[in-house]
Amino acid sequence: MTPVLRSIALITAAMLSLAAVAADKPAKARASKAANVAEIGEDGKPVLKSTGALVLDATTGNTLYSKNADQATPIASLTKLMTAMVVLDSKLPLDEAIKITTEDIDLLKNTRSRLPIGAHFRRDDLMRLALMASDNRAAAALGRNYPGGIPAFVDAMNAKATSLGLTQTHFVDSSGLAPSNVSNPAELGKLVAEAAKYPLIREYTTTGEVNVTLPNSQRKLNFVNTNTLVRASDWQIGLSKTGYISESGKCLVMQAIIANQPVVIVLLDSWGKLTRVGDANRIRRWLEKNPGILVSAPLRSG
């Protein structure tokens, strides 16, 4: 190929490439617009992937959004919010050292924990790890060290649920590993609102990360919050808890400030690794674009 022909070929290829890029821009814009449209249904409400969901105005109790709100399902580690409330209600000393034993090992789901058998941790440190890092061994130890052990602790959990009027909520352990720990979005909204009254629960569930020094070796372990949104600088979250077992799917509850208003979000059985986070962001965008919803939604009965 002569130098002239080679130059013509290069110029032609460059022009075709630029044309392809230009043609692709409208296609991407259309795809982006379609994605945004798909976020909102014909009823003007967000299209969520979670099987069960509830959004409440935390100030008024008004229901802003609901999906299968009365359908009870396993709630996994959302259980730990009730665990923390029962611990705090007991008035047991938070600085008391609790020993991790083989009784705290998860033999049901075989989940792992970095808390060594034989190590001692303060009760409040175990509660912090159970809430922010969803450590099952920590939650088990909290229940086991309640007067009367796990059976009495579970009784106290269910008694608390009854006192809050949660008739479809039931607990069988302090960790949430058993699928018989159940509730529904409507009642979890009430549970979150109650848990938010406890300053330590608000603090511990919204701690981004913490370093724990093992008592014997002085080795430091880093624990991070299981909710990535807590570590996101553009969210104002007052309370948070995630949960997952195979029977429950991915779950998330939060109390957050959206459009300058406190909102409770409940998301149950989200499919996919990031769906619950995606649903939370869809709810946030919906409310920020429609702030009037926060003052006009009807009060949910019951």
Side-chain angles (χ1 to χ4, degrees), residues 74-154 156-157 171-181 195 198 200-228 230-231 240-248 250-252 273:
I75 59 172
S77 287
L78 303 185
T79 296
K80 294 183 175 78
L81 288 176
M82 180 60 82
T83 297
M85 285 193 283
V86 170
V87 169
L88 293 171
D89 288 348
S90 73
K91 307 298 183 182
L92 292 169
L94 295 178
D95 59 354
E96 179 183 353
I98 293 177
K99 182 180 180 180
I100 302 296
T101 73
T102 55
E103 294 181 69
D104 304 319
I105 296 175
D106 168 26
L107 299 178
L108 180 63
K109 298 291 186 180
N110 297 311
T111 57
R112 296 183 178 182
S113 171
R114 290 184 291 164
L115 303 184
I117 302 301
H120 291 77
F121 297 91
R122 288 166 48 115
R123 181 174 277 107
D124 57 349
D125 286 334
L126 291 177
M127 187 165 61
R128 188 195 309 269
L129 295 178
L131 290 173
M132 66 159 287
S134 211
D135 192 281
N136 294 311
R137 195 170 291 179
L142 289 171
R144 181 176 53 80
N145 281 272
Y146 185 83
I150 289 289
F153 190 84
V154 171
M157 295 172 75
F171 301 100
V172 298
D173 63 39
S174 57
S175 63
L177 288 167
S180 297
N181 295 291
Y198 295 73
L200 276 182
I201 294 180
R202 294 198 306 270
E203 176 188 344
Y204 290 174
T205 62
T206 57
T207 300
E209 63 178 328
V210 66
N211 290 316
V212 175
T213 302
L214 297 181
N216 299 329
S217 66
Q218 296 302 305
R219 183 165 60 97
K220 288 188 176 181
L221 297 178
N222 178 256
F223 291 84
V224 299
N225 199 298
T226 52
N227 182 7
T228 57
V230 167
R231 304 193 299 276
S240 163
K241 189 70 197 78
T242 63
Y244 174 77
I245 55 175
S246 58
E247 294 88 348
S248 72
K250 301 282 186 179
C251 302
L252 172 65
K273 185 177 180 181

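Everything numeric in this text was worked out from a predicted model, so none of it was measured.
- Applying the side-chain hydrogen bond (donor to acceptor under 3.5 Å, both in side chains) criterion to T111, with sequence neighbours excluded, gives D106, N136.
- The main-chain N or O of V172 is found under 3.5 Å from a side-chain atom of N181 such that the two form a donor-acceptor pair.
- A 6.0 Å sphere centred on CZ of R114 holds more than 12 heavy atoms belonging to other residues, nucleotides or ligands.
- Side chain of T207 to main chain of E209: no donor-acceptor pair is present (N/O by atom type, distance under 3.5 Å, no hydrogens or angles).
- Salt bridge annotation for R122-D124: present, with a cationic side-chain nitrogen under 4.0 angstrom from a carboxylate oxygen.
- A salt bridge links K109 and E247; the closest N-O separation between the charged side-chain nitrogens and carboxylate oxygens is under 4.0 Å.
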Stepwise side-chain hydrogen bond (donor to acceptor under 3.5 Å, both in side chains) check, S134 with S77: CA-CA 7 Å; S134 211; S77 287; 3.1 Å; yes
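- Counting only N and O atoms by type, the side chains of N227 and T242 include no donor and acceptor under 3.5 Å apart.
- K99 places no side-chain N or O within 3.5 Å of a backbone atom of G118 that could act as its donor or acceptor partner.
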Show me the donor-acceptor pairs within less than 3.5 Å that the side chains of residues 84-96 make with the rest of the protein, sequence neighbours left out.
residue	atom	partner	partner atom	Å
D89	OD1	Y198	OH	2.7
D89	OD2	K160	NZ	3.0
D89	OD2	Y198	OH	3.3
S90	OG	V87	O	2.5
S90	OG	L92	N	3.3
E96	OE1	R123	NH1	2.9
E96	OE1	R123	NH2	3.4

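- For the pair N225 (side chain) and R231 (backbone), a donor-acceptor distance under 3.5 Å is absent.
- Without hydrogens or angle criteria, D125 side chain to F121 main chain gives no donor-acceptor distance under 3.5 Å.
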